[in-house]
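Remember, it's 1-based here, ligands and their atoms both numbered in the order they're listed. Atoms considered below: every heavy atom in the structure, side chains included; atoms not considered: hydrogens, waters and symmetry mates.
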Amino acid sequence: MRVKVLGAAAGGAFPQWNCACSNCKQLRQGTFHGKARTQAQIAFSPEGAHWFLLNASPDLRIQIEATPELHPRQGSRDTPIAAIVLTCAELDQVLGLLLLRESQPLHVYCTESVRRILMEDNSMFRVLERIPDQVRWTTIRPGVRFEMSSLAGDSLGLSCDPFVIPSGYPGYAKEKSELHPDEAVLGLVVSSARGGRFAYFPGTPAIRREWREAFNQCDALFLDGTFWSSDELQRVQGFGSTAEQMGHMPLSGPHGSLETLKDLSTPRKVYFHLNNTNPVLDESGKEYAMVREQGWDVAYDGMEFSL
Ligand SMILES: [Zn+2]
């Protein structure tokens, strides 16, 4: 299986348009020892022909253009993108769907609650229903394995296990009482019958015991790398929520992911969904050195694996 990181940053990207934190400032000045990053986006393929997107970032158009594997291959309209899997309804993870609206048949996997938020409460997403059968929706049920097929419906030997992440719906959707709490945010383990398995947990406030076992059986793990410390945003902005209150487990500290997962045996451990304030983005800094020493990679745009 091939896995490509098209974008590695959290919402707002790096640099973020209205942010003057020391990372963003130095990057603009050309004095930063690290890379700019677009917003979180992963693509994977079991055999290099059919590609799947994990969520749909607001930067998806430029991410597709920067990735030759995702360009049209035949005829006047075409895409190798077989499907998009949505793990939540956050704007940073779904806005890209609106960029894929050019009357292109699409297949989207998501929970029923996420589909309702998009299609019943946000009229703009009706651009995905302009022509008959434009988008095929397949419902994901938390805890229930599902197979992923080509756009034509052919089996590709791909399966996915969705895990419930204890989190909530986006602020814009919280009012709806009929939304099922377990369907708000999912973590995924994707497996290919041809070989290769990876876990995708880009936003989680804690690590559940049963996830460890799943992580240990994976060839790669993409884990929440949003914040280095619990009070990172408060220190940068002078106000705001803690990392945990925002649904993110920080990397550092006694309860951080570095310490919590220090015995993990997954061969490739990757911090993904990096907020622009995170000091780990600075490759000359002690935080970056510490993460690398403990066997973790820091995701960047264009990073690629063969699993
Ligand atoms: Zn910043």
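R116 places no side-chain N or O within 3.5 Å of a backbone atom of S113 that could act as its donor or acceptor partner.
In this structure, the ring of F198 has its center less than 6.0 angstrom from the ring center of F44. When ring centroids are compared, F201 and W211 come within the 6.0 Å threshold.
Protein N/O/S atoms closer than 2.8 Å to the Zn ion (ligand 1), listed by chain and residue number, are C19 SG, C21 SG, C24 SG, N276 OD1.
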Legend entry - Worked verdict on Y109 versus T139 for side-chain hydrogen bond (donor to acceptor under 3.5 Å, both in side chains): CA-CA 6 Å; Y109 296 83; T139 302; over 6 Å; no

Inset, instruction - Using the side chain to side chain contact (heavy atoms under 4.5 Å, CB included) rule, take D297 and K269 through it: C-alpha gap first, then chi angles, then the decisive distance, then the call. - result: CA-CA 6 Å; D297 278 321; K269 301 179 293 180; over 6 Å; no

Inset, instruction - May I have the step-by-step check of side chain to side chain contact (heavy atoms under 4.5 Å, CB included) for V108 and T138, ending in yes or no? - result: CA-CA 6 Å; V108 177; T138 294; over 6 Å; no

